[in-house]
Number of protein chains: 2
Amino acid sequence: MVTLKQIAEELGISITTVSKALKEYPDVSKKTRKLVRETASMLNYKPNSFAVNLRTRESKTIGLIIPVIVHHFFSSVIKGIIEQAEKKGYLVIILQSNESYELEKKQVDLLLSKRVDGILISLANGTADFKHLNDVIENETPLVMFDKIAKMVKCSKVIIDDRKASYKATQHLIDIGCKRIAHFRGPLLPQNSIDRFLGYKKALLDNGLEYDSSLVYICECGDMSFEEGKLNAQKLLKEHKDVDGIFINTDLVAIGAMTEFMKQGVRIPEDISIVGFSNWFMASVISPSLTTINQPGLEMGINAFKLLYKEIKKKKKNSDFSFKELVLDTDLVIRESTKN
Amino acid sequence: MVTLKQIAEELGISITTVSKALKEYPDVSKKTRKLVRETASMLNYKPNSFAVNLRTRESKTIGLIIPVIVHHFFSSVIKGIIEQAEKKGYLVIILQSNESYELEKKQVDLLLSKRVDGILISLANGTADFKHLNDVIENETPLVMFDKIAKMVKCSKVIIDDRKASYKATQHLIDIGCKRIAHFRGPLLPQNSIDRFLGYKKALLDNGLEYDSSLVYICECGDMSFEEGKLNAQKLLKEHKDVDGIFINTDLVAIGAMTEFMKQGVRIPEDISIVGFSNWFMASVISPSLTTINQPGLEMGINAFKLLYKEIKKKKKNSDFSFKELVLDTDLVIRESTKN
DNA sequence: CTGAAAGCGCTTACAG
DNA sequence: CTGAAAGCGCTTACAG
């Protein structure tokens, strides 16, 4: 590998001058600069990034921890982050927490010891303790949370208004005439699962409908989402034959439920209307197609990186920085599963 | 940030000894070692990886270039790679080429200048020149290609036998009685698109069926796959009403085609049987569900990393290393779109 | 405009 | 068993 020293020797000048010439320092004569640049490109010189990192104390690399990768929404987020990062000259190390708090903790530690310039994270469902996140902040490493966040942690965040979105979804079911509306919710912990439930409940009450907790079914929303949808649909058919609409926490669970309903001869939307959440590509191609809330994954990724980038820049200059909480718009995509 | 120097000063010993104690060198007294370890953990010492990289000339980081991320097959590969890498203490930088040769070239260069310990790549559809890959090899950076590979490049590879898989798919159509079988193929360049076409053709000929090139339709298989499927289905219905089976290069295109057929009242599988390729999760939940070739993404990722890891180890020890080409098994998943 | 020198924080061959 | 010293390849404050 070619080093500055070799270029310097080749030209009989000092390493200092070579370094400066390559970095556009103004105090190098044009002639020298040209010579250095030519020699560098001739020898195919590439700065040793290990040395640069050590000197500059930054690696132009950020870390991303995400609960699952094989997931339409999250892979869209990843795409947004990587593309934006590349534009600004940053690379992205990706880690998957598998919805495990323990793993997430280890991975945060790993990224910290790798000295990434910043960390982007969407929390695992099981994460209830936030010490590892506060460690990041104490360590002065910029941190931005997105989608699955912890309200308590003091950092920038990019989210959607889950409560508003699920209110909209439930309102739509009410508008098309549903009277008895069930909810398949996510796990008890993550904020967005809670918020979606609250939006559902509020929509019912605001419209003078009774809130019946026995109509709320819980899903873990892990690898078994599709099966959970089926199972809950079975249970629901046994326990509450009068239900005519369901707002479901996630498209994949919704698709599982629809599969089960159709198998049992329950017609969608004639007998039961269904609204999902996320707008996976799949939702548009199944039959009947699924009404759902569009969750802007790409935008979330892009904005999460942008916030992180700003913080990195500010911190570098030691200038003031205040956290931002960005709330992205969602919209209801009406399809066949709720036609009236 | 705590450094070795600070620990050394704290204990009144040399940096050398501290370093050795922390790294389990045998020539340090038990007492000293214990003292050093205690102090290190008390001060929450974390080695500065920038300095370690510079000294050891390795970063324990590898690069991954992939055509698209938001894609069931590729995101499964990513998952396999990351998990395996983490087990061996490696982190993964992910870049998306967007099926662009130009971007891919830049990204290879970027990874090389970042001095990653190895590179994993699945080629963009447009990649026909392999200089950038040979640069990697010349640079002595271990390289493993997977899925979309270049036969010409001398490195380890993980692939499936596309020809065999598509032969199997076509044979299945023939076995259930199809006489006039079309093929929606991928772009002209990538090897797997070529191989899938050849497997289709061979199956026809081996079974005494005529090969008719006008029954072969091309898709770019980019972001527009679903629409391409629809369009090709339209064309096919106009041009070849007698077709009773189609083998389609990719599930997403197949699902687009199915959507169009159903819209036009063509029954699947009664009028036309369809086989896809990849076994996206979606294939199992649409209706009729799609017969397809299961492409083992996770296994491919795991094996690709394992091969890369072996090569990294060998190169470090300067021992001999020979390239391996791993061919993973695929199987035909028979579903409703081809019932007879 | 040029360059000698210090230093980033480690690792390791070598001397004692 | 311990440590002084060299060196990885850069960057940059400082002197001239």
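In this text the structure is predicted, and so the values were computed from the model without any measurement. A note on names: the letters A, B, ... follow the listed sequences, proteins ahead of strands, and every chain is numbered from 1. These values consider heavy atoms only, across backbone and side chains, with no hydrogens, waters or symmetry-generated copies.
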Chemist: Does a salt bridge link A:Lys46 with B:Asp109, judged by any charged N lying under 4.0 Å from a carboxylate O?
Modeler: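 Yes, charged N to carboxylate O under 4.0 Å.
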
Chemist: If you take all heavy atoms of B:Leu4 and B:Ser19, which pair is closest and at what distance?
Modeler: CD1-CB, 3.8 Å

Chemist: Going by heavy atoms in the side chains, are B:Thr127 and B:His132 under 4.5 Å from each other?
Modeler: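 Counting from C-beta outward, B:Thr127 and B:His132 do come under 4.5 Å.
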
Chemist: Can you see if the side chain of A:Thr17 gets near the phosphate of C:dC1 - specifically, an N or O under 4.0 Å from OP1 or OP2?
Modeler: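 For C:dC1, neither OP1 nor OP2 has a side-chain N or O of A:Thr17 closer than 4.0 Å.
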
Chemist: Pairing of DNA chain C as dot-bracket, 5' to 3': ( ) intra-strand, [ ] crossing, | other strand, . unpaired, with Watson-Crick or G-U pairs under 3.5 Å?
Modeler: |||.||||||||.|||

Chemist: C:dG3 P sits how many Å from A:Glu9 CD, rounded?
Modeler: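 The distance from CD of A:Glu9 to P of C:dG3 comes to 13 Å, rounded to the nearest Å.
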
Chemist: Give the minimum heavy-atom separation between B:Ile312 and B:Pro142, together with the two atoms involved.
Modeler: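 In this case the closest contact between B:Ile312 and B:Pro142 is CG1-CG, 3.8 Å.
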
Chemist: Considering all heavy atoms of both residues, which atom of A:Phe130 and which atom of A:Val153 are nearest to each other, and what is their separation?
Modeler: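 So the minimum-distance heavy-atom pair works out to CB-CG2, 3.7 Å.
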
Chemist: For a quick check, with a 4.0 angstrom heavy-atom cut-off, what is the B/S/- contact string for nucleotides 6-13 of chain D, read 5' to 3'?
Modeler: BBBBBBBB

Chemist: Students often mix this up, so state it plainly: with edges at 30° and 60°, are the rings of A:Phe321 and A:Phe323 parallel, tilted or perpendicular?
Modeler: perpendicular

Chemist: Does a side-chain N or O from A:Ser14 land closer than 4.0 Å to OP1 or OP2 of C:dA4, or not?
Modeler: no

Chemist: Grab the two heavy atoms, one from A:Pro187 and one from A:Asn125, that are nearest each other, plus how far apart they are.
Modeler: CG-ND2, 3.7 Å

Chemist: Quick one: do the B:Thr141 and B:Asn139 side chains pair a donor with an acceptor below 3.5 Å?
Modeler: yes

